[in-house]
Amino acid sequence: MLLLQGCSWIRSWGDPEPGDPAPLIEFEQSLKVKKIWSTGIGDGMGKQGLSMAPVYSSGTLIAADYEGRLAAVDAETGRKQWELKTKQAFSGGPGLDGERIYMGTIDGRVIAYDRSDGAELWNAQVSSEVLSPPASADGLVVVRCIDGRLFGLDAVSGRRLWIYDHKVPLLALRGDADLLVRAGIVFVGYDDGSVVAVRLNDGSVLWSQTIVSPEGRTELDRLADIGQQMVIVASDLIVSSYKLRVVSPAADSGRLLWFKDISSATGVQVDRTNLAVSEKNGDLWMLDRRNGSTIWKVDQLTNRGLTRPAFYGDYVVVGDKEGYLHWLDTEIGSFVARNRAGKKGFAAAPLTVGTTMYVLTHDGELTAYRAGAAL
């Protein structure tokens, strides 16, 4: 009797523990999803907590791995146009312009490669590790370092033109917000919960706005990193923060237009008036990007480590840390399809180009999918 009584407080082997991913719900799949092609990009992201998203331009995908492999892939067929294995420890990129590919490294270097064949063009030293893609516009390359410094480099030579220095907290999430360049202005999201608008030509500050204050009793409580992707629509910027805030500041002044209490380190995605965001607890939100009002919320993906959502036609797609892609109806938030791209999650959010969606898994598998009417 004592043995049986003791069994009542012993957790059974199948019981979930706090923090376990929510079990996948069953539903009737109404959307057909098909793999078009797949190819390997080295060893993926390794164990360094990196996120290097593939980028698309003119029918070509550029992708990299953490050990210095860089590849150009035909977006229609998956055939590699060229591939090189460098001796660099890549940590940020790829960034692109019409002629060059830009990569950042763990040891604080920025390297430019020729888009046509991958030949190295120049190699410049900056102050510390580069975790976000270098951004190029108007003959300049802008690079954000983990120590908060922002560098403006000449795109042709790599020569340093200006520096902007911003103090960052001692503790931050692994990863920096991607730079956003528009009309001669660089928008930079920092780990202290602020967004700064810097002039591209000289690095001078146009405005600085605190999105959320890094307050709390402990360093963990004070984490307020700006989400990985910011977007700009017309004259409105939309930004998320790890610390309970999605905000729309005016792009010309930083004046706050609206906010919503949602925590997201992955950033936001916009399609027309729809704003999709993955909350850090696994909730998926669809908002009206004009005022932040809720259209729908899905709370059945708790603790599944969601990527930033991506739009695909009438659907929104999000990946999880177990390698599943979840496809939902954009209008009502119902599940319509699910497929598995890998077992170790994703290196970045899905990328939609026309009728094709591209995903890069954590272990380096680059895959193209099409769905619905595109098949």
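Along the sequence shown, the residues carry numbers beginning at 1. Computed from a predicted model, the values in this text were never measured in an experiment. Computed over heavy atoms, backbone and side chain alike; hydrogens, waters and symmetry mates excluded.
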*Shortest non-hydrogen contact from E322 to P21?*
OE2-CG, 4.0 Å
*asked:* Just so I know, are the side chains of I185 and V198 near enough to count as touching, which here means a heavy-atom distance under 4.5 Å?
replied: no
*Roughly how far, to the nearest 0.5 Å, is CG of D191 from CG of D225?*
4.5 Å
*asked:* Looking at every non-hydrogen atom in both residues, tell me the closest pair between G118 and L84 and how far apart they are.
replied: O-CD1, 3.7 Å
*Note, L131 side chain near L50 side chain (heavy atom, < 4.5 Å)*: yes
_4.5 Å side-chain heavy-atom contact, M357 and R370_ = no
*asked:* Whether K280 engages the ring of Y242 as a cation-pi pair (distance to the six-membered ring centre under 6.0 angstrom, angle to the ring normal within 45°) should be assessed.
replied: yes
*Would you give the length of the straight line joining atom OH of Y113 to atom CH2 of W82, rounded to the nearest 0.5 angstrom?*
9.0 Å
*Is it true that a side-chain atom of S91 and a backbone atom of I106 form a donor plus acceptor pair closer than 3.5 Å?*
yes
*Any chance you could measure W296, atom CH2, to N274, atom CG, to the nearest 0.5 Å?*
9.0 Å
*Quick one: pull up CZ in R159 and CG in L140 and give me the separation to the nearest 0.5 Å.*
9.5 Å
*Is there a donor-acceptor pair under 3.5 Å between the side chain of S241 and the backbone N or O of A224?*
yes
_L325 side chain near F346 side chain, heavy-atom distance below 4.5 Å_ = yes
_side-chain contact (heavy atoms from CB on, under 4.5 Å) involving Y56 - partner list, sequence neighbours excluded_ = L61, A75, L351, V353
*Counterpart residues, salt bridge (charged side-chain N to carboxylate O under 4.0 Å, His left out), relative to D178 (two or more places apart)*: none
_List the residues meeting ring-ring contact (aromatic ring centres under 6.0 Å, His included) with F151, not counting sequence neighbours, and say none if there are none._
none
*asked:* Ignoring hydrogens and geometry beyond distance, is a side-chain donor-acceptor pair present between D147 and S127 at under 3.5 Å?
replied: yes
_Measuring only between side-chain heavy atoms, which start at C-beta, is I211 closer than 4.5 Å to I226?_
yes
*Residue among R79, K85, K80 satisfying salt bridge (charged side-chain N to carboxylate O under 4.0 Å, His left out) with E83*: K80
_Closer than 3.5 angstrom, by distance alone: can the side chain of T307 be matched with the main-chain N or O of G319 as a donor-acceptor pair?_
yes
*Measure across P94 and A53 and return the closest heavy-atom pair with its distance rounded to 0.1 Å.*
CD-O, 3.2 Å
*Does some side-chain heavy atom of K260 sit less than 4.5 Å from a side-chain heavy atom of S293?*
no
*With side chains defined as the heavy atoms from C-beta onward, is the minimum distance between V142 and W162 less than 4.5 Å?*
yes
*State which residues pass ring-ring contact (aromatic ring centres under 6.0 Å, His included) with F335; sequence neighbours excluded, sorted by chain then number.*
F27
*Nearest non-hydrogen partners of M286 and F311, listed with the distance*: CE-CE2, 3.8 Å
*Separation between CG of L284 and OG1 of T302, rounded to the nearest 0.5 Å*: 11.5 Å
*List for me each residue that meets salt bridge (charged side-chain N to carboxylate O under 4.0 Å, His left out) alongside D288, sequence neighbours excluded, and say none if there are none.*
R290
*Compare all side-chain heavy atoms of V359 with those of Y369 and state whether any distance is below 4.5 angstrom.*
yes
_Please give the remaining members of the hydrophobic cluster of I332, linking ILVMFWY side chains under 4.5 Å, ordered by chain and number._
none
_Holding to salt bridge (charged side-chain N to carboxylate O under 4.0 Å, His left out), I want the full list of residues that pass it with E129, two or more places apart in sequence or in another chain._
R174
*Check which hydrophobic residues are tied to L257 through side-chain heavy-atom contacts below 4.5 Å, counting indirect links as well, and list them.*
V231, V233, I238, V246, W258, I262, V268, V270, L275, V277, W285, L287
*For W327, all residues meeting ring-ring contact (aromatic ring centres under 6.0 Å, His included), sequence neighbours excluded*: Y312
*Could you pull out the closest heavy-atom pair between V110 and W122, with the gap in Å?*
O-CZ3, 3.5 Å
*asked:* Under the rule for salt bridge (charged side-chain N to carboxylate O under 4.0 Å, His left out), what residues qualify as partners of D363, not counting sequence neighbours?
replied: none
_side-chain hydrogen bond (donor to acceptor under 3.5 Å, both in side chains) partners of residues 92-112, not counting sequence neighbours, each pair once_ = D97-Y102, D97-S136, R100-Y102, T105-D107, R109-N123, R109-Q125
*Run the numbers on S334 and D329 for side chain to side chain donor-acceptor pair (under 3.5 Å), then give the verdict.*
CA-CA 5 Å; S334 60; D329 184 288; 5.0 Å; no
*asked:* Which heavy atom of T356 sits nearest to which heavy atom of A368, and what is that distance?
replied: CG2-CB, 3.8 Å
*Would you say the side chains of T266 and S264 form a donor-acceptor pair under 3.5 Å?*
yes
*State the OG1-CG distance between T39 and D74, to the nearest 0.5 angstrom.*
11.0 Å
*What pairs with H166 under ring-ring contact (aromatic ring centres under 6.0 Å, His included), at least two apart in sequence or on another chain?*
Y190
*asked:* Checking T60 against Q81: is there a side-chain donor and acceptor pair closer than 3.5 Å?
replied: yes
